[in-house]
Amino acid sequence: MAAKEDKKQKIMESALTLFAEYDYYRTTTAMVAKAAGVTQPYIFHFFDNKEDLYIAVLKRAYDRIHDTFMEVEAPADQLVGAMGASFST
């Protein structure tokens, strides 16, 4: 079961990279499959369509940002700098 979850994470990481480079419209599931080292139909084992994959990638990015910001502790006048610095550690 862990290998299956690892493949899903690899698909999402590959999709993130490609969406960032080519945008949603120019990125195809065939490109994601090739980058992730899986077949295109395997992507649809986890996601109903490209839009669902995109939304999952966005949600994961949002969750990472949220979780990182929630861990930041700093005085109010230093909060913005501390939040920015939290991404470089």
Side-chain angles (χ1 to χ4, degrees):
M1 185 83 136
K4 205 173 188 184
E5 194 60 32
D6 290 344
K7 289 282 189 184
K8 182 178 180 180
Q9 294 307 314
K10 180 64 176 164
I11 290 167
M12 290 180 65
E13 289 169 12
S14 298
L16 172 63
T17 300
L18 291 166
F19 287 139
E21 185 173 346
Y22 297 105
D23 75 39
Y24 174 80
Y25 295 103
R26 291 187 295 161
T27 299
T28 66
T29 54
M31 292 165 67
V32 174
K34 183 177 180 181
V38 299
T39 63
Q40 188 176 12
Y42 194 70
I43 291 173
F44 299 111
H45 177 76
F46 299 106
F47 307 98
D48 289 337
N49 51 46
K50 183 172 84 168
E51 182 178 357
D52 285 345
L53 172 57
Y54 186 69
I55 290 169
V57 168
L58 289 176
K59 182 180 179 337
R60 184 169 138 189
Y62 170 83
D63 289 345
R64 284 180 165 175
I65 292 168
H66 178 267
D67 293 348
T68 300
F69 283 173
M70 291 304 293
E71 293 177 7
V72 173
E73 294 183 23
D77 63 329
Q78 298 173 14
L79 189 57
V80 172
M83 291 172 96
S86 68
F87 282 99
S88 62
T89 56

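Please read these numbers as outputs of a predicted model, since none were measured by experiment. Just so you know, residue 1 is the first one in the sequence shown, and it goes up from there.
Asp52 CG to Phe47 CZ: the interatomic distance, rounded to the nearest 0.5 Å, is 8.5 Å. Here Ser86 contributes atom OG and Leu79 contributes atom CG; the two are 9.5 Å apart, rounded to the nearest 0.5 Å. We find the CD-CE distance between Gln78 and Met83 to be 14.0 Å, quoted to the nearest 0.5 Å.
Heavy-atom neighbours of Lys50 NZ from other residues, nucleotides or ligands within 6.0 Å: above the threshold of 12.
For the side-chain hydrogen bond (donor to acceptor under 3.5 Å, both in side chains) test, residues two or more places apart in sequence or in another chain that qualify with Asp63 are Lys59. Partners of Leu58 by side-chain contact (heavy atoms from CB on, under 4.5 Å), not counting sequence neighbours, listed by chain and number: Tyr54. Under the side-chain contact (heavy atoms from CB on, under 4.5 Å) criterion, Ala20 pairs with no residue at all, not counting sequence neighbours. Contacts of Ile55 classified as side-chain contact (heavy atoms from CB on, under 4.5 Å), with partners at least two apart in sequence or in another chain: Glu51. With sequence neighbours excluded, the residues that form a side-chain hydrogen bond (donor to acceptor under 3.5 Å, both in side chains) with Asp23 are Arg26. The salt bridge (charged side-chain N to carboxylate O under 4.0 Å, His left out) test applied to Asp77 returns no partner, not counting sequence neighbours. Under the side-chain contact (heavy atoms from CB on, under 4.5 Å) criterion, Arg60 pairs with Gln9, Met12, Glu13, Arg64, sequence neighbours left out. Applying the side-chain hydrogen bond (donor to acceptor under 3.5 Å, both in side chains) rule to Lys10 yields no partners; only residues at least two apart in sequence or on another chain are considered.
Criterion: ILVMFWY side-chain heavy atoms under 4.5 Å apart, direct or through other members. Under it, Val80 and Phe69 are not part of a common hydrophobic cluster. Hydrophobic cluster membership is shared by Val32 and Tyr25, with clusters built from Ile, Leu, Val, Met, Phe, Trp and Tyr side chains linked at under 4.5 angstrom.
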When the side chains of residues 33-46 are checked against the rest of the protein, which donor-acceptor pairs come out under 3.5 Å, sequence neighbours left out?
| residue | atom | partner | partner atom | Å |
| --- | --- | --- | --- | --- |
| Thr39 | OG1 | Tyr42 | N | 3.3 |
| Gln40 | NE2 | Thr29 | OG1 | 2.5 |
| His45 | NE2 | Lys4 | NZ | 3.1 |

